[in-house]
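Take a look at this one; I'll ask things after.
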Amino acid sequence: MTPTTLTPARRERAAPAPPRPARSRRRPFLTPYLFVAPFYVVFAAFGLYPLIFALQLSFTDWKGAGEAHFIGLENYTYLLTSEEFWSSLGNSAVMWLLIVPVQIVGGLAAAVLLANGRLRLRGMFRVAFIAPFVTPLVAMAQVWIVAFDTDYGLVNHLLGLVGLPGVDWLQSTAWAKPTLALLFLWKTTGFAVIILLAGLQAVPADVYEAASLDGASRKRQFWSLTLPLMRRSIAFLVVVQTLAVFQMFAEPHVVTQGGPYGSTTTGGLYLYNHITTSDLGTGAANSFLLVLLVFALSLLSVRLLRSRDE
């Protein structure tokens with residue numbers, strides 16, 4: 001049997017295909033980094049560089065113009081020996097005691113009520129809680145100034161209707177901080193309720209079913225199951241609100257301007273005072289001291305609220 005003669009066309013088809021050039025391995029390797037590169041560029045330009053510049057600025061004497069003179073740790077020494085600096089931290093600490101524990105307890109109670117499926121008008125109540133949080137702070141601060149006015153305020157008018165004397169809410173060193181704390185609570189409790197409600201709804205339902213089968217009461221379930229399983233949500237809220245309280249600026253700036261007699265000058269407002277006087281080196285040092293303080297308080301809060309198994 002003679003072999004079949006191949007035509008030129010068949011020979012071309014039967015010939016082995018030339019090897020394809022190997023694809024460059026660099027392209028798949030670099031592709032993910034190209035997608036995330038814009039984030040790192042923006043972070044380096046608007047986050048990392050300002051942070052490094054502020055750290056460098058904290059060791060200098062600079063008024064915003066001219067040459068910055070290196071002075072070492074003088075800014076930090078000045079702040080750590082300043083009565084006004086420690087007074088501002090003390091005011092912030094008092095505000096923290098007036099705000100964060102009350103907000104945790106009140107927000108948790110509100111979250112438990114809103115998680116109840118038998119509660120009527122749950123949607124309306126949720127909107128009522130979140131409405132102050134999305135309302136501009138300056139507008140609410142103006143309402144606070146009018147409502148707590150000593151002579152013509154609504155609060156003192158209501159006190160007079162029940163036979164109680166009026167109070168110098170914003171002009172008294174004893175009442176100015178509670179008044180500002182009430183404003184902060186009114187503004188941010190909706191945010192706390194959202195965080196705690198999310199943590200509460202994340203608790204598995206079968207945990208409660210198993211506890212009910214074991215004869216645990218609702219009260220026992222709350223203390224033994226709900227609170228331990230919501231430690232992370234509570235710890236997150238404590239850290240966020242601690243940062244917000246020690247950075248509080250708009251509330252005292254608009255309502256009391258730090259008075260009376262510096263009783264509402266918080267850490268954030270004291271830092272702002274350095275900026276307005278063009279003492280930028282001291283202001284940068286003040287900001288880093290606040291960062292270290294809030295970081296230490298946040299670590300302590302997480303440590304105290306951490307479960308034993310973690």
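Because the structure is a prediction, the values reported are computed rather than measured.
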Extract all donor-acceptor atom pairs below 3.5 Å that involve side chains of residues 100-108 and protein atoms in other chains or at least two apart in sequence.
unit_1	atom_1	unit_2	atom_2	d
Gln103	OE1	Gln241	NE2	2.5
Gln103	NE2	Thr188	OG1	2.8
Gln103	NE2	Thr189	OG1	3.4

Item checked: Counterpart residues, ring-ring contact (aromatic ring centres under 6.0 Å, His included), relative to Phe191 (two or more places apart) ->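 Partners of Phe191 under the ring-ring contact (aromatic ring centres under 6.0 Å, His included) test: Phe133.
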Notebook entry, point to check: With side chains defined as the heavy atoms from C-beta onward, is the minimum distance between Met95 and Leu180 less than 4.5 Å?
Noted result: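 Result yes, sub-4.5 Å side-chain heavy-atom pair found.
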Next item on the list: Give every residue pair that meets the side chain to side chain donor-acceptor pair (under 3.5 Å) criterion with at least one member in residues 38-57, sequence neighbours excluded.
Entry: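 Passing the test, one end in residues 38-57: no pairs.
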Item checked: Minimum-distance pair of heavy atoms, taken over all atoms of Ile71 and Asn75 ->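 Here Ile71 and Asn75 meet closest at CD1-OD1, 3.5 Å.
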Checklist line | Parallel, tilted or perpendicular, as decided by the 30° and 60° cut-offs, for the rings of Phe43 and Phe39 | finding: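 Answer is parallel, since the angle falls under 30°.
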Can you list, pair by pair, the side-chain donor-acceptor contacts under 3.5 Å of residues 61-69, counting residues two or more places apart and other chains?
unit_1	atom_1	unit_2	atom_2	d
Trp62	NE1	Ala65	O	3.4
Trp62	NE1	Gly66	O	3.1

Margin query: Quick check on the hydrophobic clustering: are Val146 and Leu159 connected, directly or via other members, by side-chain heavy-atom contacts under 4.5 Å?
Written below: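 Different clusters: Val146 never reaches Leu159 through Ile, Leu, Val, Met, Phe, Trp or Tyr contacts under 4.5 Å.
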Note to self: For the backbone of Tyr78 and the side chain of Thr81, can you confirm whether one donor and one acceptor N or O come within less than 3.5 Å of each other?
What the structure shows: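 Confirmed, Thr81 side chain pairs with Tyr78 backbone.
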Next item on the list: Working to the nearest 0.5 Å, report the span between CG of Leu114 and CZ of Phe129.
Entry: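 Separation between the atoms: 5.5 Å.
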Next item on the list: Hey, could you give me the NZ/OG distance between Lys177 and Ser172, rounded to the nearest 0.5 Å?
Entry: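 So the gap between those two atoms works out to 9.5 Å.
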Donor-acceptor pairs are to be reported for all side-chain atoms of residues 289-299 against protein atoms at under 3.5 Å, with residues two or more places apart or in another chain.
unit_1	atom_1	unit_2	atom_2	d
Ser298	OG	Val294	O	2.7

Margin query: Within this structure, what is the OG-OH distance for the pair Ser82 and Tyr270, rounded to the nearest 0.5 Å?
Written below: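 Rounded to the nearest 0.5 Å, the OG-OH separation comes to 3.5 Å.
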Margin query: As an exercise, state the distance from CG of Leu79 to CG of Leu73, rounded to the nearest 0.5 Å.
Written below: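 Reported to 0.5 Å precision, the distance equals 11.5 Å.
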Checklist line | Set of ring-ring contact (aromatic ring centres under 6.0 Å, His included) partners for Tyr76, sequence neighbours left out | finding: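 Only Phe59 meet the ring-ring contact (aromatic ring centres under 6.0 Å, His included) criterion with Tyr76.
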Notebook entry, point to check: Between Ala284 and Ala54, what is the shortest heavy-atom contact and its length?
Noted result: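 Shortest heavy-atom contact: CB-O, 3.4 Å.
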Next item on the list: Search all heavy atoms of Pro132 against all heavy atoms of Met140 and return the closest pair with its distance.
Entry: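 Scanning both residues completely, I find the closest heavy atoms to be O-SD, 3.5 Å.
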Check: Under a single-linkage definition using a 4.5 Å side-chain heavy-atom cutoff for Ile, Leu, Val, Met, Phe, Trp and Tyr, are Val240 and Leu183 assigned to the same hydrophobic cluster?
Finding: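 Val240 and Leu183: one cluster.
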Check: Is the number of heavy atoms from other residues, nucleotides or ligands under 6.0 Å of Glu84 CD greater than 12?
Finding: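 Atom CD in Glu84 is not crowded, with 12 or fewer foreign heavy atoms closer than 6.0 Å.
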Checklist line | Contact summary for Ser233 and Gly199, nearest pair of heavy atoms | finding: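 Shortest heavy-atom contact: OG-CA, 3.4 Å.
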Next item on the list: Is it possible for you to say whether Leu97 and Leu185 belong to one hydrophobic cluster, with membership spreading through side-chain heavy-atom contacts below 4.5 Å?
Entry: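 Yes, same cluster.
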Check: Okay, side chain of Asn156, backbone of Thr150: is any donor-acceptor separation there less than 3.5 Å?
Finding: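 At least one qualifying donor-acceptor pair exists.
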Would you be so kind as to tabulate the donor-acceptor pairs closer than 3.5 Å made by side chains of residues 242-256, with sequence neighbours excluded?
unit_1	atom_1	unit_2	atom_2	d
Thr242	OG1	Trp96	NE1	2.8
Thr242	OG1	Val238	O	2.6
Thr256	OG1	Pro252	O	3.2
Thr256	OG1	Gly258	N	3.4
Thr256	OG1	Thr264	OG1	2.7

Margin query: Please check this pair: side chain of Asn286 against backbone of Phe85, looking for a donor-acceptor N/O pair closer than 3.5 Å.
Written below: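 Checking the backbone N and O of Phe85 against the side chain of Asn286, no donor-acceptor pair under 3.5 Å is found.
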Notebook entry, point to check: So, the side chain of Ser224 versus the backbone of Arg220: is there a donor-acceptor pair under 3.5 Å, distance only?
Noted result: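 It does hold such a pair.
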Check: If you measure from CG on Leu57 to CZ on Phe288, what distance do you get to the nearest 0.5 Å?
Finding: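 Result: 9.5 Å between the selected atoms.
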Notebook entry, point to check: Is there a path of hydrophobic side-chain contacts, each under 4.5 Å between heavy atoms of I, L, V, M, F, W or Y residues, that connects Met124 with Leu197?
Noted result: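 Yes; tracing contacts between hydrophobic side chains, which count when under 4.5 Å, links both residues.
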Note to self: Which Ile, Leu, Val, Met, Phe, Trp or Tyr residues join Leu154 in one cluster when any pair of side-chain heavy atoms under 4.5 Å counts as a link?
What the structure shows: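 Under the 4.5 Å side-chain rule, Leu154 groups with Leu158, Leu161.
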Item checked: Side-chain hydrophobic cluster, 4.5 Å single linkage: members besides Val41 ->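 The other cluster members (ILVMFWY side chains, heavy atoms under 4.5 Å, direct or chained): none.
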Item checked: N/O donor-acceptor pair under 3.5 Å between Asn91 side chain and Gly267 backbone ->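 Pair absent, no side-chain N/O of Asn91 close to backbone of Gly267.
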Notebook entry, point to check: Does Thr277 use its side chain to pair, donor to acceptor, with the backbone of His274 at less than 3.5 Å?
Noted result: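 Between the backbone of His274 and the side chain of Thr277 there is a qualifying donor-acceptor contact (under 3.5 Å).
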Margin query: Is there a path of hydrophobic side-chain contacts, each under 4.5 Å between heavy atoms, that joins Leu89 and Val94?
Written below: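 They do not share one cluster, since no chain of ILVMFWY contacts under 4.5 Å joins Leu89 to Val94.
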Next item on the list: List, by chain and then residue number, the residues other than Val42 in its hydrophobic cluster (Ile/Leu/Val/Met/Phe/Trp/Tyr, side-chain heavy atoms under 4.5 Å); write none if there are no others.
Entry: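 ILVMFWY cluster around Val42 also holds Phe46.
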Next item on the list: List for me each residue that meets ring-ring contact (aromatic ring centres under 6.0 Å, His included) alongside Trp223, sequence neighbours excluded, and say none if there are none.
Entry: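 Expected list: none.
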Notebook entry, point to check: What's the spacing between Ile194 CD1 and Ile130 CD1 if we round to 0.5 Å?
Noted result: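 Reported value, rounded in 0.5 Å steps: 3.0 Å.
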Note to self: For Phe184, give me all partners under ring-ring contact (aromatic ring centres under 6.0 Å, His included), at least two apart in sequence or on another chain.
What the structure shows: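 For Phe184, no residue satisfies ring-ring contact (aromatic ring centres under 6.0 Å, His included) once neighbours in sequence are set aside.
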Next item on the list: Give the ring-plane orientation class for Trp186 versus Trp144, where under 30° counts as parallel, over 60° as perpendicular and anything between as tilted.
Entry: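 Trp186 vs Trp144 ring planes: tilted.
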Note to self: I need the minimum non-hydrogen distance between Ala211 and Leu225, along with the two atoms involved.
What the structure shows: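 Taking every non-hydrogen atom into account, CB-CD1, 3.5 Å.
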Notebook entry, point to check: Any idea which heavy atoms bring Gly259 and Ala176 closest together, and the distance?
Noted result: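 Minimum heavy-atom separation between Gly259 and Ala176: O-CB, 4.4 Å.
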